[in-house]
Asks: 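Pasting a structure here, questions to come.
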Amino acid sequence: MKKLLSGIVALILTLTLAPAAFAEETLTDAEIKAKRIINLFTASTEREYLPGEKQGTWLAMTDYFAEIIENDPAAYDEILAIWMDSVDKYSYITPEASFDAAYDPRRTKKVGVSVEFKEDDGWYVILAEKNSPAQIAGVVVGTKMLEFHGTPMPMDAETGFALMDKKMAETGLYAFKGQLPDGTVKEFSLTPADYDLEADAAECKVTGNTGYIRIHTFTEDADRKFAAAWKSAEEQGVRSVIIDVRDNLGGYIHICMNILNTIISEKLPVEYFQTQNGIDLYATSGTGSKTFRPDIVILTNEASASAPETLTAVLKHYGYARSVGAKTYGKAVGQANTSLKDGYMFAVTAMMFYLPDGSTYNLEGIAPDVEIKDDPETEADEVLEFAYSYVDNAGTPVKQPSNLHYTINLSKKDEKIPLSYFAAAKRLSDEMGMPVYYTFKAEDGTKVTVDAVKVFSQAKEEYSFEGLLK
Amino acid sequence: MKKILSVILAAVLMLSVGLSVSAEEAMTKEQAKVKARELIEIFSNSTELEVYEEYGRGNWFALEEYLTDQIYNNPFIYEDWYDIWEKSTDDYSYVDSAVQNLAAYASEKKGVYGLSFVVENEKIVVFAASYGSPAREAGIVPGAVLVSYGETAVPEAATQEDLLAFQNFVSEADALPLTVLLPTGETKAVTITRADFSEDAVIEDVLIEDGTAYIIVPSFNDKTDEYFASAYKKAEEAGVKSIIIDLRTNTGGYLTPAYNMINMIVPEKLPMYYEKHSSNLSIATTDGLGSKTWRPDIVCLTSKTTASAAELFAGVLQYHGYARLVGESTYGKGSGQSMVELTNGNDVVVTSFYTYLPNGRSWEGKGLTPDYVITDDPATEADEVLTYAYSYVDGEGTVVEEPGYYGYVYYLKKDDEPDFIDTFANLQRMKRDGVKEPVRFTYVSSGGMKMIVNTDDAYAAGNIKYYFGIYGDQSKTAEEILKKEGSLPEKARVIMTAIAGEYGFAPTISLKMADKPEYFYYYDSLEDTYTAFEPPYVYEDGVLRFNIEVGGIIIASPVEIK
């Protein structure tokens, strides 16, 4: 962008609204005009910030959209649909309350069961939540619901749900007769209760020399629960720990970091996040127990996604753990959430994660050291059983590096490297008391390694691969 | 923004894009506005997704297709959107062809008349007649009123439409037959032909008389500084004691020549000006390379059309006492524009920064006030302003001392307005380029509270954004902390804890309070203890004033608690 103090010239040259001539023949007039409007609005967003009588382009757009939506409410759906179509599957918009509820493992006054009506067949339990009254009473997924409060289940969804709502409202009880998948018929009478999906997350079940800890999600106080379980494992003197992250769909990154810090006793680079504005560097604080260094085996499956993948990848990367089960899901992108004015919030993919060596498990997932499939026909958990035989009680010696080193991939050799990359390194270096090195890797395989803090002290507006080579 | 690793939950929740209002129900204006805001927020906040094209097409690309459809079906929508842009930006923002823009800023004008017009008091008036242009040669001067052109007479009450019609005529014609009414009352009929000329050539025509050089600087074009250097050298060689720089017809242009010209004149290293962009402050100092032996007295002539870069030039010289201004108050444009090229070759020019003198004051909307105010009488042949200037110069030259530090003041518009690391990176570079330490940057809150920042410390903190009061704190400002309830010592503790928490090391924070020694603490963040400490203070009229120091550096001064 060229800068100029344009004088009053703008006042004199009246705007020619009609575009004079379009250079690009491949684009239609409408396409060029559309591009031009997008450019206009995008380029002038920063005006909003500046003082003056004018209202700013985005605020003006609000008035425009408000008018359109008022006259034709369907336009709102249409534009929202465009947004939905153009973002990835991890980006979405939802009422803030339901987002919070989805991420909260604590349930209030619920029986913890979900049923679904299958056409021409009947009513089936599709979810019996962990630690819920339903699970405790022995309701399992696949249970066929025959009667509700003594009334045979109607053969259509609407009447069925209405019946359940009515009886629940009258009695406060979720009472039904169900046929379990093994054929036995049983009466259940469930009282809604408060329960926590992760109630047993703070426990470490010990078998012989091996402890078993399950991490259900990476939300709320999962990190504190894990720390309690880990401490209990140490106190019970186990020599190996199995960490189960199967069916764990992730959560917050800071929870994952806290869990890593509980386990790892060295200061190690963990991962970096690349966003459009810069880089966030993550490293372990080196505060894990130096005396308790068990052999770790992680159980993964296709539904281990996001934060559990970070945990698995990092522990495996440094030889802290091996993994058993199935390949993980493969999500190394993160979302930024923004609250909207009307009680909605939206999450949009805004960052990508890379391991310290610049590699990513995105899309590919993390392959287990030994692939074991659970047989759904049997009661037994084959993966867990194998893990018990796989642990070797040998412990994990890991060497403390003298610096923190991250490899950053450049998509193009002449890509501009912003100052903020090095500011992130400076902050981390101060925090950890260690130098931070960056290796920039260009698309042609050439590399340059720099002391990021020294580069930061140059205080340039931006850097380039060639400049760093010098 | 909360950052999360959200995962497949997104796919599972699958989104009730849930509309509380159905299509049949009428929507109130307020409901529509909320939804509109929601859309805007979604689109503007998720622009960053564009970089990750492999994960989706990106919102703006998608919106482009939608707009294409809409415009295809109804071309007026294009005009609608364009109109919104125009109405919401300031007078200096516009869209134009790149060719025209370049022509406006090149000093070498090719095949033009060198005239521009505005509508003023229902007359079409000559706004500028470039030096060296065919129009100027023909005797047309700013302020002349257009009576007729070709066969067309200008109506009694002229409008913008009339101006537009005239401009269309101008752009078609190879020769321009005009009748104008000059400010002197004389009616003049001329025919002007297009010609190539250099507007800035006039700079070199230095008039040297009685130890005074008179230099006209008509604009700030790409080569203005080169011409000025040559003129300035001529004046030095002639050994003049005073210089009159005429900026009366100068409506601005590029910033760089103005910057270079200030550097030619000033032999001290001084803070020059700063630019405030939405995401950073860009700071300029003089490089101190001007002649130390030749220090003429300078008088700049200004008028109500002296604008923009010309105001910066005159304003900086006046601020440091290098020049006095004579003439009228200036136009008052302290804003700058950025140019972005569009797909069809046109440029969008949009106001994107404001310039300030080192004391944080802007001439935007106010103009610069001359040291001596005098207006030219249009009815006379004589140039009263210039005549006065000749009598005003004193030939004594200017002596300005280098300050012990480089001070800049920034007035925050809102107390939670962030500053960015680029500001401090800027200052680090200046230091490396030989600018004396320390560079003092003072932020002033809307309540008048000042905070002097040690810019080395601020840069070393390595944050992306900085907030008034506390380095790196993303949620609190010093004033917010002060607003917290509690007794005086409680408030002091709150401030200390907040600041200590930001430093990550055991800072020595002393709250210097007066005759209340029990309120005086030394805080050790490692021990998390407060120890009574001997302090200086000010406590009067129920207001407690003290400084906050970290590591011996005052980071907030004075803090007041009522």
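Just so we're on the same page: letters track the sequence lines, and every chain starts at 1.
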Asks: What about the rings of A:Y463 and A:Y421, do their centers lie closer together than 6.0 Å?
Replies: no

Asks: Between A:S429 and chain B, which part of the residue has a heavy atom less than 4.5 Å away: side chain, backbone, both or neither?
Replies: neither

Asks: Which atoms of B:A258 come close to chain A, meaning under 4.5 Å heavy atom to heavy atom: side chain ones, backbone ones, both, or neither?
Replies: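 Looking at B:A258, nothing touches chain A.
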
Asks: Identify which of A:D72, A:V453, A:I79 forms the greatest number of heavy-atom pairs closer than 4.5 Å to chain B.
Replies: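 Result: the option with the highest number of such pairs is A:I79.
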
Asks: Will you find, in the side chains of B:Q337 and B:S352, an N or O donor that is under 3.5 Å from an N or O acceptor?
Replies: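 No, B:S352 and B:Q337 have no side-chain donor paired with an acceptor closer than 3.5 Å.
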
Asks: Please flag which part of B:F424 lies under 4.5 Å from any non-hydrogen atom of chain A: side chain, backbone, both or neither.
Replies: neither

Asks: Decide, yes or no, whether a salt bridge links B:K33 with A:E70 under the criterion of side-chain N to carboxylate O below 4.0 Å.
Replies: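 Between A:E70 and B:K33 there is no salt bridge, as every charged N stays at least 4.0 Å from the carboxylate O atoms.
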
Asks: Do the side chains of A:Y90 and A:V348 get nearer than 4.5 Å, heavy atoms only?
Replies: no

Asks: State yes or no: are the ring centers of A:Y282 and A:F273 separated by less than 6.0 Å?
Replies: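 Yes - the distance between ring centres of A:Y282 and A:F273 falls below the 6.0 Å cut-off.
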
Asks: Highest number of heavy-atom pairs under 4.5 Å with chain A: which of B:G365, B:S219, B:A460, B:P75?
Replies: B:A460

Asks: Using non-hydrogen atoms and a 4.5 Å limit, figure out which bit of A:L419 sits close to chain B: side chain, backbone, both or neither.
Replies: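 Contact with chain B: side chain only.
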
Asks: Side chain to side chain contact (heavy atoms under 4.5 Å, CB included) between A:M351 and A:Q335: does it pass, once the steps are laid out?
Replies: CA-CA 7 Å; A:M351 56 198 109; A:Q335 285 68 44; over 6 Å; no

Asks: Check whether A:S411 gets within reach of chain B through its side chain, its backbone, both or neither, counting any heavy atom under 4.5 Å.
Replies: neither

Asks: By a 4.5 Å heavy-atom criterion (distance strictly below it), what part of A:E78 contacts chain B: side chain, backbone, both, or neither?
Replies: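 A:E78 touches chain B through side-chain heavy atoms alone.
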
